[in-house]
Participant: 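Next up is a structure, given as structure tokens.
If you're wondering where the values come from, they're calculated on a predicted model, not measured in any experiment.
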Amino acid sequence: MKKTYTVLVIDDERLARLRLKKLIAKFSELFTIIGEAENGYEAEKLIIDLTPDIIFLDIEMPGLTGFELLKKLKVIPMVIFCTAFEDYSLKAFETNSIDYLIKPVKETRLQQTVLKIKQLNTHFSKENLFKAINTISETKEKKIITSITVKKGDKVIFVKIEDISYFESTDKYVTLYTNKGSELIKQSLTQLEEKLPNNFLRVHRGYLINTDYVKEFQKYFNNRYVINLLNHKKTVITSGRSYKDIIKTYINQ
């Protein structure tokens, strides 16, 4: 059995990373921390470059969630999920190869993870991992939201869903757009899709639009559409090729 494991800590919250690293350091006989990442994109590169044995992975991260990150990886390390949300069906992660921790992580709970790792006698199973993720996806109830919270300094403002014309995802962030301007938010487009009402349509890996603001869809080459919005900037968005059938279904409904 391997005596020590190299570890990456992946969480978009700096304080959460610091706390977790301090706890992990208490078990130096088992763990060696080799790096940390504040988002899924940075984590993807580090995992490829450093090939850690274990990743402590936050599920909810802006831009690219923990689940989305894992689906992009060709080689997946052992995964210990960390989350502040207890409404996930986390029991699905109780296998011989993975574990989960509720934030803020407590030393006594991490001790259980340490004992579990020491007792492992099976290899990490990618199939078991994705089976667990699929189980969670199937059992989560869709919760329709009516507003998005945005932090501005010490203030929290609420943006009504009906005022949002579209969401745009860039490398690390998601931006919502209204007729009053734009705001950065800490949710991925995939997370938003699960919570938004049916008038929101994913038309590109980087765009989620409010169809109430659509003026017209124009056919474009290579199975794409040009979408003209009725917002104050008269935004024009070109759909992704893989979203052709989704858009056709919407147009023909």
Side-chain angles (χ1 to χ4, degrees), residues 2-86 88 90 93-95 97-118 120 123-126 128-130 132-133 136 151 153 169-175 184-191:
K2 192 167 185 177
K3 292 184 178 180
T4 61
Y5 295 84
T6 55
V7 170
L8 278 181
V9 175
I10 305 164
D11 196 304
D12 65 299
E13 298 180 358
R14 186 180 68 86
L15 292 179
R17 293 197 307 275
L18 287 172
R19 175 184 173 83
L20 187 54
K21 286 194 300 180
K22 286 181 180 179
L23 289 177
I24 293 172
K26 294 183 178 183
F27 301 94
S28 58
E29 78 285 355
L30 185 69
F31 299 130
T32 300
I33 300 173
I34 58 173
E36 62 180 279
E38 64 179 0
N39 59 67
Y41 298 102
E42 184 179 322
E44 181 183 11
K45 185 177 186 307
L46 285 178
I47 290 169
I48 293 171
D49 292 344
L50 302 179
T51 60
D53 298 313
I54 298 174
I55 56 175
F56 284 78
L57 179 62
D58 185 19
I59 296 176
E60 298 281 354
M61 294 186 293
L64 193 70
T65 69
F67 292 167
E68 291 167 341
L69 167 64
L70 294 175
K71 290 178 181 179
K72 292 186 67 176
L73 296 174
K74 291 182 180 179
V75 179
I76 300 177
M78 185 185 302
V79 182
I80 298 171
F81 287 105
C82 303
T83 178
F85 300 90
E86 296 191 53
Y88 283 100
L90 294 173
F93 290 133
E94 290 186 338
T95 70
S97 55
I98 53 180
D99 201 0
Y100 68 90
L101 302 170
I102 301 297
K103 297 193 292 185
V105 178
K106 297 180 179 179
E107 184 176 346
T108 52
R109 179 60 182 86
L110 183 58
Q111 177 69 58
Q112 295 176 31
T113 301
V114 167
L115 292 174
K116 189 172 186 178
I117 292 172
K118 287 180 176 179
L120 284 181
H123 294 293
F124 173 76
S125 168
K126 180 178 178 180
N128 283 348
L129 173 61
F130 284 105
I133 289 175
I136 286 176
K151 289 185 178 180
S169 175
T170 54
D171 286 345
K172 297 181 181 179
Y173 304 101
V174 169
T175 306
L184 291 175
I185 59 174
K186 295 181 69 174
Q187 296 183 63
S188 71
L189 293 187
T190 300
Q191 291 170 322

Participant: What pair of heavy atoms forms the shortest contact from R19 to P104, and how long is it?
Facilitator: NE-CB, 3.7 Å
Participant: Is there a donor-acceptor pair under 3.5 Å between the side chain of T6 and the backbone N or O of D53?
Facilitator: yes
Participant: Ignoring hydrogens, what is the shortest heavy-atom contact between T65 and S188? Give both atom names and the distance.
Facilitator: CG2-OG, 3.3 Å
Participant: Checking side-chain contact (heavy atoms from CB on, under 4.5 Å) for the pair L69/E44: CA distance, chi angles, key distance, verdict?
Facilitator: CA-CA 7 Å; L69 167 64; E44 181 183 11; 3.7 Å; yes
Participant: Can you see which heavy atom on E42 is nearest to which on E38, and at what distance?
Facilitator: OE1-CG, 3.5 Å
Participant: Heavy-atom distance under 4.5 Å between the side chains of N39 and Y41, does that happen here?
Facilitator: yes
Participant: Taking side chain as C-beta onward, heavy atoms only, is F27 less than 4.5 Å from E107?
Facilitator: yes
Participant: Shortest non-hydrogen contact from T51 to I48?
Facilitator: CG2-O, 3.7 Å
Participant: Within the structure provided, determine whether L20 and D11 are in side-chain contact (heavy-atom separation under 4.5 Å).
Facilitator: no
Participant: Going through the distances and angles, do K26 and L110 end up as a side-chain contact (heavy atoms from CB on, under 4.5 Å)?
Facilitator: CA-CA 10 Å; K26 294 183 178 183; L110 183 58; over 6 Å; no
Participant: Are I47 and I10 side-chain neighbours, meaning at least one heavy-atom pair lies under 4.5 Å?
Facilitator: yes
Participant: Rounded to the nearest 0.5 Å, how far apart are OH of Y173 and CD of Q187?
Facilitator: 15.5 Å
Participant: For the residue pair I54 and I80, establish whether any side-chain heavy-atom pair is separated by less than 4.5 Å.
Facilitator: yes
Participant: For the pair K103 and D58, find out whether any cationic side-chain nitrogen is under 4.0 Å from an anionic carboxylate oxygen.
Facilitator: yes
Participant: For the atom pair CD1 (I24) and OG1 (T113), what is the distance rounded to the nearest 0.5 Å?
Facilitator: 9.5 Å
Participant: In plain terms, say whether D99 and R109 are close enough for a salt bridge, that is, a side-chain N and a carboxylate O under 4.0 Å apart.
Facilitator: yes
Participant: Using side-chain heavy atoms (C-beta onward) and a distance below 4.5 Å, is K186 in contact with E13?
Facilitator: yes
Participant: Here's a test for you: under side chain to side chain contact (heavy atoms under 4.5 Å, CB included), which of L101, L18, V105 qualifies with L23?
Facilitator: V105
Participant: Going by heavy atoms in the side chains, are V7 and I55 under 4.5 Å from each other?
Facilitator: no
Participant: Contact between I59 and Y100 at the side-chain level, heavy atoms closer than 4.5 Å - yes or no?
Facilitator: no
Participant: Please report the shortest heavy-atom distance between E36 and L8, naming the atom on each side.
Facilitator: N-CD2, 4.0 Å
Participant: At what distance, to the nearest 0.5 angstrom, does CD1 of I76 lie from NZ of K71?
Facilitator: 10.5 Å
Participant: So which heavy atom on L73 is nearest to which on P77, and how close?
Facilitator: CD1-CD, 4.4 Å
